[in-house]
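In what follows, a structure is listed as structure tokens, so that the remarks can point back to it.
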Amino acid sequence: QVQLVESGGGLVQAGGSLRLSCAASGRTFTSYTLAWFRQAPGKEREFVAGIDGIGGRTLYADSVKGRFTISRDNAKNTLWLQMSALNDEDTAVYYCAASMISQFQRAYSMWPYWGQGTQVTVSS
């Protein structure tokens, strides 16, 4: 199993940037496909970005493409999400997730491992 702990959330002005981190514990970190999801109040949890085990493939939701960058450092067991040009629609709790399925899955129900989430609030 893998344990995930997010950090880096906070309050940021519209147009600003923020970097989220997700620290993972457990063995065989490279075996896991990782992703960021987010959930705004009253909305379903949605896929934001995913990255494969070695960091060679990434996938982004259309709503964040060109603004967000997902990356990982397998030596540090860490996942990041660099967010820029933030707007109020990006306000949500952001979660990192892990799966041993190599194919990217946009449905949150397909991801078995989750962090506790970190709040990102964008003020306009």
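Just so you know, these numbers come straight off a predicted model, no measurement behind them. Scope of the values below: all heavy atoms of this structure, side chains included, with no hydrogens, waters or symmetry mates.
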Gap between atom [atom2] of [Y] and atom [atom1] of [X] - 0.5 Å precision:
{"X": "Thr121", "Y": "Asp90", "atom1": "OG1", "atom2": "CG", "value": "11.0 Å"}
{"X": "Ser109", "Y": "Glu44", "atom1": "OG", "atom2": "CD", "value": "9.0 Å"}
{"X": "Glu89", "Y": "Ser63", "atom1": "CD", "atom2": "OG", "value": "8.5 Å"}
{"X": "Ser124", "Y": "Leu86", "atom1": "OG", "atom2": "CG", "value": "12.5 Å"}

Single-linkage hydrophobic cluster [X]~[Y], side-chain heavy atoms < 4.5 angstrom:
{"X": "Tyr113", "Y": "Tyr108", "value": "no"}
{"X": "Val93", "Y": "Trp114", "value": "yes"}
{"X": "Ile101", "Y": "Leu79", "value": "no"}
{"X": "Leu34", "Y": "Phe37", "value": "no"}
{"X": "Met110", "Y": "Tyr32", "value": "no"}

So, the side chain of [X] versus the backbone of [Y]: is there a donor-acceptor pair under 3.5 Å, distance only?
{"X": "Glu46", "Y": "Arg38", "answer": "no"}
{"X": "Arg67", "Y": "Ala85", "answer": "yes"}
{"X": "Thr33", "Y": "Asp52", "answer": "no"}
{"X": "Asn74", "Y": "Phe29", "answer": "no"}
{"X": "Tyr60", "Y": "Ile70", "answer": "yes"}
{"X": "Thr91", "Y": "Val122", "answer": "yes"}
{"X": "Glu6", "Y": "Cys96", "answer": "yes"}

Met83 and Tyr94: CA distance, side-chain angles, deciding distance, side-chain contact (heavy atoms from CB on, under 4.5 Å) verdict: CA-CA 11 Å; Met83 305 184 293; Tyr94 284 72; 3.9 Å; yes
Any side-chain heavy-atom pair of Phe68 and Trp36 under 4.5 Å: no
Test item: Leu59 and Phe47 side chains (from C-beta on) under 4.5 Å apart, heavy atoms: yes
Gln82 atom CD, over 12 foreign heavy atoms within 6.0 Å: yes
Axial cation check for Trp111 ring with Arg45, 6.0 Å and 45° limits: no
Fellow cluster residues of Val5, listed by chain then number, with links counted only when side-chain atoms sit under 4.5 Å apart: none
Taking every non-hydrogen atom, the tightest pair across Ala98 and Pro112: O-CD, 3.3 Å
May I have the list of side-chain donor-acceptor pairs in residues 7-25 shorter than 3.5 Å, sequence neighbours left out?
unit_1	atom_1	unit_2	atom_2	d
Ser21	OG	Trp80	NE1	3.4
Ser25	OG	Gln3	OE1	3.0

